[in-house]
Asks: 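Sending over a structure as structure tokens; questions will come in a sec.
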Protein chains: 2
Amino acid sequence: MKTMSTMLKANDLAVTAQRAAVMEFLHGNTDHPSVDTIYKRVKKRFPYISRATVYNTVKTLTRAGLLQEVLVQQDKTRVDSNVSRHHHFKCLRCGRIEDVPYDILTAKHVGEHAKSYHVEEVRVVMEGRCKQCR
Amino acid sequence: MKTMSTMLKANDLAVTAQRAAVMEFLHGNTDHPSVDTIYKRVKKRFPYISRATVYNTVKTLTRAGLLQEVLVQQDKTRVDSNVSRHHHFKCLRCGRIEDVPYDILTAKHVGEHAKSYHVEEVRVVMEGRCKQCR
DNA sequence: CATATGAATTAGAATAGTTCTAAACTTAGA
DNA sequence: TCTAAGTTTAGAACTATTCTAATTCATATG
């Protein structure tokens with residue numbers, strides 16, 4: 001199994017206790033925590049950790065492809081350690097964010113998913129280059 | 001044709017000059033302006049308009065189904081006067097946000113769209129009730 | 001294994017977007 | 001016209017995020 005420090009080294013990133021702690025907290029955590037949640041949680045082990053460090057770490061690890069920042073609400077960034085291609089489902093009542101398989105994109109799968117999850121809204125955002133910017 | 005005041009009345013909303021001005025600015029505007037953009041633009045005609053009024057108006061009109069708040073980036077809300085079911089395309093270079101037909105959701109259409117637009121990323125967010133909250 | 005250098009961390013200030021507040025004003029209905 | 005409820009206003013407050021400058025740390029090299 002890959003240790004946090006192995007993964008950091010593999011990406012040419014300095015191995016620091018804070019980075020490893022953030023990664024460890026996120027590892028296997030499937031509930032897409034906000035930066036503040038990560039900060040509060042890691043703070044228990046590193047009382048002097050700064051919010052800026054968590055922001056920096058998330059940005060750095062995201063650039064290295066080890067994390068993903070998920071856009072599910074406009075106010076707060078949510079962090080996902082599942083970097084495979086997938087989408088998201090957000091519960092309008094409890095706020096839970098779940099991963100959803102990528103092939104949901106076919107109408108057939110959307111229909112099935114909608115049936116089992118009570119999907120009320122599907123939001124698709126595409127990014128790329130528009131005609132003028134190609 | 002529907003006037004702004006007609007639409008407001010039809011939704012049981014008081015007709016105020018500020019509301020009508022915000023609606024008029026948005027009407028036929030397809031570039032998904034931010035609240036700040038709306039504020040600055042409407043300010044030209046109503047120098048004393050407050051940011052809070054624009055926020056309130058956007059929220060009120062959204063609740064009435066006359067506007068839509070679009071989630072394309074985490075920092076700023078973008079407003080869309082097209083309230084029909086559709087998705088969005090964001091250009092990574094110029095930032096332009098374009099409307100995209102709803103039936104893009106079938107894999108076939110995604111493929112076609114991707115071809116003509118250089119789509120680099122497709123983000124889907126579903127909202128509804130999760131298994132525990134049904 | 002000591003050390004120099006660049007990178008990372010820290011606390012707190014600064015910034016941006018948004019919401020809140022309380023007073024003044026406007027709308028719509030009686 | 002008058003009144004009550006709803007709306008607008010300026011600015012304070014709040015939240016998420018970025019910036020800053022000083023300090024500390026990781027690691028490559030000798």
Side-chain angles (χ1 to χ4, degrees), chain A residues 3-23 25 32-64 66-67 69-79 95 97, chain B residues 3-25 32-64 66-67 69-79 95:
Chain A
T3 63
M4 304 304 146
S5 90
T6 308
M7 293 176 85
L8 287 168
K9 276 178 196 150
N11 285 279
D12 254 309
L13 298 172
V15 178
T16 70
Q18 292 90 334
R19 274 180 187 165
V22 168
M23 290 174 80
F25 168 59
H32 311 81
S34 67
V35 169
D36 198 59
T37 300
I38 300 170
Y39 167 70
K40 284 186 181 126
R41 186 59 191 279
V42 173
K43 204 177 167 64
K44 287 180 183 168
R45 271 217 279 149
F46 293 86
Y48 294 107
I49 197 169
S50 149
R51 248 172 247 273
T53 298
V54 180
Y55 276 102
N56 290 340
T57 301
V58 167
K59 189 177 284 178
T60 302
L61 297 177
T62 296
R63 263 198 293 257
L66 299 173
L67 291 182
E69 294 178 48
V70 171
L71 183 66
V72 278
Q73 50 184 18
Q74 63 280 76
D75 56 335
K76 242 185 254 177
T77 292
R78 300 299 210 103
V79 180
I97 297 165
Chain B
T3 63
M4 303 305 144
S5 89
T6 307
M7 294 174 83
L8 288 168
K9 276 177 196 152
N11 285 280
D12 255 309
L13 298 172
V15 178
T16 70
Q18 292 90 333
R19 275 180 187 165
V22 167
M23 289 175 81
E24 248 150 47
F25 169 58
H32 310 80
S34 66
V35 169
D36 198 59
T37 300
I38 300 170
Y39 168 70
K40 283 184 181 129
R41 185 60 191 278
V42 172
K43 204 177 166 63
K44 287 179 184 171
R45 274 218 275 149
F46 292 85
Y48 294 106
I49 198 170
S50 149
R51 248 172 247 274
T53 298
V54 180
Y55 277 102
N56 289 341
T57 301
V58 166
K59 189 177 284 178
T60 302
L61 297 177
T62 296
R63 264 199 292 258
L66 299 173
L67 292 182
E69 294 178 49
V70 170
L71 183 66
V72 278
Q73 49 184 17
Q74 62 280 76
D75 56 336
K76 242 185 252 177
T77 293
R78 299 299 208 105
V79 180

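A, B, ... follow the sequence lines: proteins, then strands. Residue 1 opens every chain.
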Asks: Taking CG from L71(B) and P from dG17(C), how many angstroms apart are they, rounded to a whole number?
Replies: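 Atom-to-atom, L71(B) to dG17(C), this comes out as 16 Å.
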Asks: Nearest-Å distance, OH (Y39(B)) to P (dT18(C))?
Replies: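 Going from Y39(B) (OH) to dT18(C) (P), I get 14 Å.
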Asks: Let me confirm one number: the CG-OH distance from D36(A) to Y55(A), rounded to the nearest 0.5 Å.
Replies: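 Going from the CG atom of D36(A) to the OH atom of Y55(A) covers 7.0 Å.
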Asks: Would you mind telling me which of dT7(D), dA11(C), dT9(D) lies closest to the side-chain atoms of S50(B)?
Replies: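 Of dT7(D), dA11(C), dT9(D), dT9(D) is nearest to the side chain of S50(B).
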Asks: For D12(B) and K43(B), find the nucleotide of DNA chain D closest to each by heavy atoms; which residue's nucleotide sits nearer the 5' end?
Replies: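 It is D12(B) whose nearest nucleotide is closer to the 5' end.
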Asks: As a test of reading the structure: which of dT9(D), dT10(C), dT27(C) is closest to the side chain of I49(A), going by heavy atoms?
Replies: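 Side chain of I49(A) sits closest to dT10(C).
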Asks: Scan T53(A) against the nucleic acid and name what it touches under 4.0 Å (heavy atoms): base, sugar-phosphate only, or nothing.
Replies: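 It contacts base atoms.
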Asks: Can you tell me if T57(B) uses its side chain to pair, donor with acceptor, with the backbone of T53(B) under 3.5 Å?
Replies: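 Flag set: sc T57(B) to bb T53(B) pair under 3.5 Å.
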Asks: What is the minimum heavy-atom distance between F25(B) and V42(B), and which atoms define it?
Replies: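 Between these two residues, the closest heavy atoms are CB-CG2, 4.3 Å.
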Asks: What I want to check is whether the side chains of K43(B) and Y39(B) have a donor and an acceptor closer together than 3.5 Å.
Replies: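 Yes, Y39(B) and K43(B) have a side-chain donor paired with an acceptor closer than 3.5 Å.
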Asks: With rounding to the nearest 0.5 Å, note down the distance linking OG in S34(B) to NZ in K40(B).
Replies: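 Rounded to the nearest 0.5 Å, the OG-NZ separation comes out at 7.5 Å.
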Asks: Rounded to the Å, how far apart are L13(A) CG and dT27(D) P?
Replies: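 In whole Å, dT27(D) P and L13(A) CG are 10 Å from each other.
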Asks: Of the listed nucleotides (dT27(C), dT10(C), dT8(D)), which one gets closest to any side-chain atom of A14(B)?
Replies: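 Per side-chain heavy atoms of A14(B), the pick is dT27(C).
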Asks: Just the rounded figure in Å: distance from C1' of dG6(D) to CG of N56(B).
Replies: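 The answer, rounded to whole Å, is 11 Å.
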Asks: When you compare the protein's N or O atoms with those of nucleotides 14-20 of chain D, which come within less than 3.5 Å of each other, and at what distance?
Replies:
unit_1  : atom_1 : unit_2 : atom_2 : d
dA16(D) : OP1    : K76(A) : NZ     : 3.4
dA16(D) : O3'    : D75(A) : O      : 3.2
dT17(D) : OP1    : T77(A) : N      : 2.9
dT17(D) : OP1    : T77(A) : OG1    : 2.9
dT17(D) : OP2    : Y55(A) : OH     : 2.6
dT17(D) : O5'    : Y55(A) : OH     : 3.2

Asks: With a 4.5 Å heavy-atom cut-off, do M7(A) and M23(A) have their side chains touching?
Replies: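 The answer is yes, as the side chains (C-beta and beyond) meet within the 4.5 Å cut-off.
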Asks: Which residue in the set V70(A), L61(A), V22(A), L67(A) passes side-chain contact (heavy atoms from CB on, under 4.5 Å) when paired with V79(A)?
Replies: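 The option that passes is L67(A).
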Asks: For the pair made of CZ in F46(A) and P in dT10(C), what is the distance, rounded to whole Å?
Replies: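 Between P of dT10(C) and CZ of F46(A): 9 Å.
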Asks: Does T60(A) place a side-chain N or O at less than 4.0 Å from the phosphate oxygens OP1/OP2 of dA8(C)?
Replies: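 For dA8(C), OP1/OP2 do not have a side-chain N/O of T60(A) under 4.0 Å.
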Asks: Rounding to an integer number of Å, can you tell me how far N11(B) CG sits from dT7(D) P?
Replies: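 It works out to 12 Å between those atoms.
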Asks: What's the closest nucleotide to the Y48(A) side chain, out of dT7(D), dT9(D), dT10(C)?
Replies: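 Among dT7(D), dT9(D), dT10(C), the one nearest the side chain of Y48(A) is dT10(C).
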Asks: Whole-Å distance between dG6(D) C1' and L61(B) CG?
Replies: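 Whole-Å distance recorded here is 15 Å.
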Asks: Please give, in whole Å, the distance from dA7(C) P to R63(A) CZ?
Replies: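 Taking atom P of dA7(C) as the reference, CZ of R63(A) is at 13 Å.
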Asks: Does Q18(B) have a side-chain nitrogen or oxygen under 4.0 Å from the phosphate oxygens OP1 or OP2 of dT26(C)?
Replies: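 Looking at the OP1 and OP2 atoms of dT26(C), neither is under 4.0 Å from any side-chain N or O of Q18(B).
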